[in-house]
Protein chains: 2
Amino acid sequence: MPIQKVTREEILTKSLEVFRHRGYHNTSMNDLANAVGLLKGSFYHYFDSKETLMKEVLSSINIFLKAQVFPIAYDTTLPIEERMETMLKRFSKTVFSKDGGCIVGNTILETVNLYPQFKEILQEIITGWMDALTYMYEQTHSSEHAIKLAEQTIMEYEGAIMMSKLYGKSHFYKDCYIRTLERLTVHG
Amino acid sequence: MPIQKVTREEILTKSLEVFRHRGYHNTSMNDLANAVGLLKGSFYHYFDSKETLMKEVLSSINIFLKAQVFPIAYDTTLPIEERMETMLKRFSKTVFSKDGGCIVGNTILETVNLYPQFKEILQEIITGWMDALTYMYEQTHSSEHAIKLAEQTIMEYEGAIMMSKLYGKSHFYKDCYIRTLERLTVHG
DNA sequence: GTCTATAAAACGATAGAC
DNA sequence: GTCTATCGTTTTATAGAC
C-alpha cells in the first residue's frame, strides 16, 4: 500500500478555507491541490469533481453546525443571553474568516442562480440557523415577530461581511452582535 | 463607414445585466459578446479587457447614482419619507435585479480580496449610499446614531438579496423597506 | 483609395477531468 | 503527465461608408 499523504478530512478542511477565500469559480483544482500538498491529478483519487468536493465541504459544515452549534439554542439549562453569545461565536468561527468571507453567503450569491446543485444544502444550513435564532427570540417575542427578528439578524450578519470586506473594518460585526443580543430583551 | 451594430452605451447596459446575473469570474467574454450580438473578438474594438469593461460598468453605475439617485436625499423641498421612498426605489431599479442579484454586493464579495482593482469604485458607490442615508437619518437622530442606522440599512439590504436568492421569496426586501422607513421616525 | 465596425481565425495559458 | 475544452486576448481579413 502506498503512503497516504492526506486524509479526506484534511482535504475538506483545507478546501473550505480556499473556497472561502477565493470563491467557487475563481478556485481551480490546482489551487485546491496546492493547498493540501497534492498534484491536481492525485486529487481525483479522493473526489471525482470540483462540484462534488464543494458539496461535501458544504455538507460537512452543515453536519458540524447541526451537531455542535445549533443545539446550544435549545439547551434550556443555560440563560438565553449565554446561549446566544456562545452560538454566535461558534458559528462565526466555522463559517466566517478573518478576511471577511462567509462561505455560505458567498456561495449562495455566486452559484444559486446558475448552479442549483448547491441550493438544497445551502438552504438547509441557513434554515438551521434561522430555526435556532427563531427559537431563542420566541422566548421574548411572538412567533411571527421572532421569525422576522431571526431573518433580520441573518441579513445583517451577511451584510456586515460585505462591509467588513469592503472597508477592512470589523466594527460592523460587533454592532451586529450587540443588536442581536439587544433584540432578545428590548421592545417586545 | 460600415454599419455599427452596437454603441458603447448598449454594451455597458447589457454587460451590467450579464455580470449581475452570472458574476464576474463566471462571465466569459463570449457571454458578454453574445449578449450584445457580437463575436468575442470584435468586443475588443470597444474595450481592451474584461477588467476595463467591469470598471466602466461600475463607474457608469456610480455616475448614475450620483446624478439621479443620491441627490434626492438632500432635496429638502420634499418630505423626508418621500425622499427615502423615491431613493430606495430608484436605487433598487439600477443596482438590483428580479432574480435577486446586486451587482455591487456580488462584486465586492467576489473580487475585493484578490482583485483590488475594483475596490476603489465599489467603495465610492457604497460610501455615496451611506452618506445619503446618514444625511436623512440625521434629521431625526444624532450624527453617530445616524451613521449606525445607515450602516444597518445597507447591511440588511445586502442580506435580503442573499435570502431572496436562496429562497426565491421577495418579502425580505419588503421587510427591509419597511424597517428603513420606520427608522426615520421611531425610537430616536 | 481610406477608414472602421465586425467577422474569422488563431494565440498561449489554463481550466476540469482522467 | 495528458487530454480536450475554453479562457482572455491578439491578429488578420472582410465588408461597407466616405
Asker: Side-chain donor or acceptor of B:S42 under 3.5 Å from a matching atom on the base of C:dA7?
Answerer: yes
Asker: Are any of B:Y44's side-chain N or O atoms less than 4.0 Å away from OP1 or OP2 of D:dT9?
Answerer: yes
Asker: For the residue pair B:M84 and B:R183, establish whether any side-chain heavy-atom pair is separated by less than 4.5 Å.
Answerer: no
Asker: Nearest-Å distance, CE (A:M29) to P (D:dG1)?
Answerer: 17 Å
Asker: Take atom OH of A:Y46 and atom C1' of C:dC18, then tell me their distance rounded to the nearest Å.
Answerer: 17 Å
Asker: With a cut-off of 3.5 Å and sequence neighbours excluded, list every side-chain donor-acceptor pair involving residues 115-123 of chain B.
Answerer:
residue	atom	partner	partner atom	Å
B:Y115	OH	A:N26	OD1	3.4
B:Q117	NE2	B:E51	OE1	3.4
B:Q123	NE2	A:L166	O	2.7

Asker: If I take atom CG in residue B:L53 and atom P in nucleotide D:dT9, what distance separates them, rounded to the nearest angstrom?
Answerer: 10 Å
Asker: Between A:L32 (CG) and C:dG16 (C1'), how many Å, whole number?
Answerer: 11 Å
Asker: On DNA chain C, nearest-nucleotide positions of B:L38 versus A:T27: which is more 5'?
Answerer: B:L38
Asker: What distance separates A:Q152 CD from A:L133 CG, expressed to the nearest 0.5 Å?
Answerer: 11.5 Å
Asker: Using atom CZ of A:F43 as one end and atom P of C:dA17 as the other, report the distance to the nearest whole Å.
Answerer: 12 Å
Asker: Check for me whether B:K50 meets the cation-pi criterion with B:F19, that is, NZ or CZ under 6.0 Å from the six-membered ring centre and within 45 degrees of the ring axis.
Answerer: no
Asker: Whole angstroms only, please: what is the NZ-P distance between A:K40 and C:dC18?
Answerer: 13 Å
Asker: Tell me the interatomic distance from A:H45, atom NE2, to C:dA17, atom P, rounded to whole angstroms.
Answerer: 17 Å
Asker: Round to the nearest Å and state the distance from B:D48 atom CG to D:dT10 atom P.
Answerer: 8 Å
Asker: From the set C:dA15, D:dT9, C:dT6, return the single nucleotide nearest to any side-chain atom of A:N30.
Answerer: C:dA15
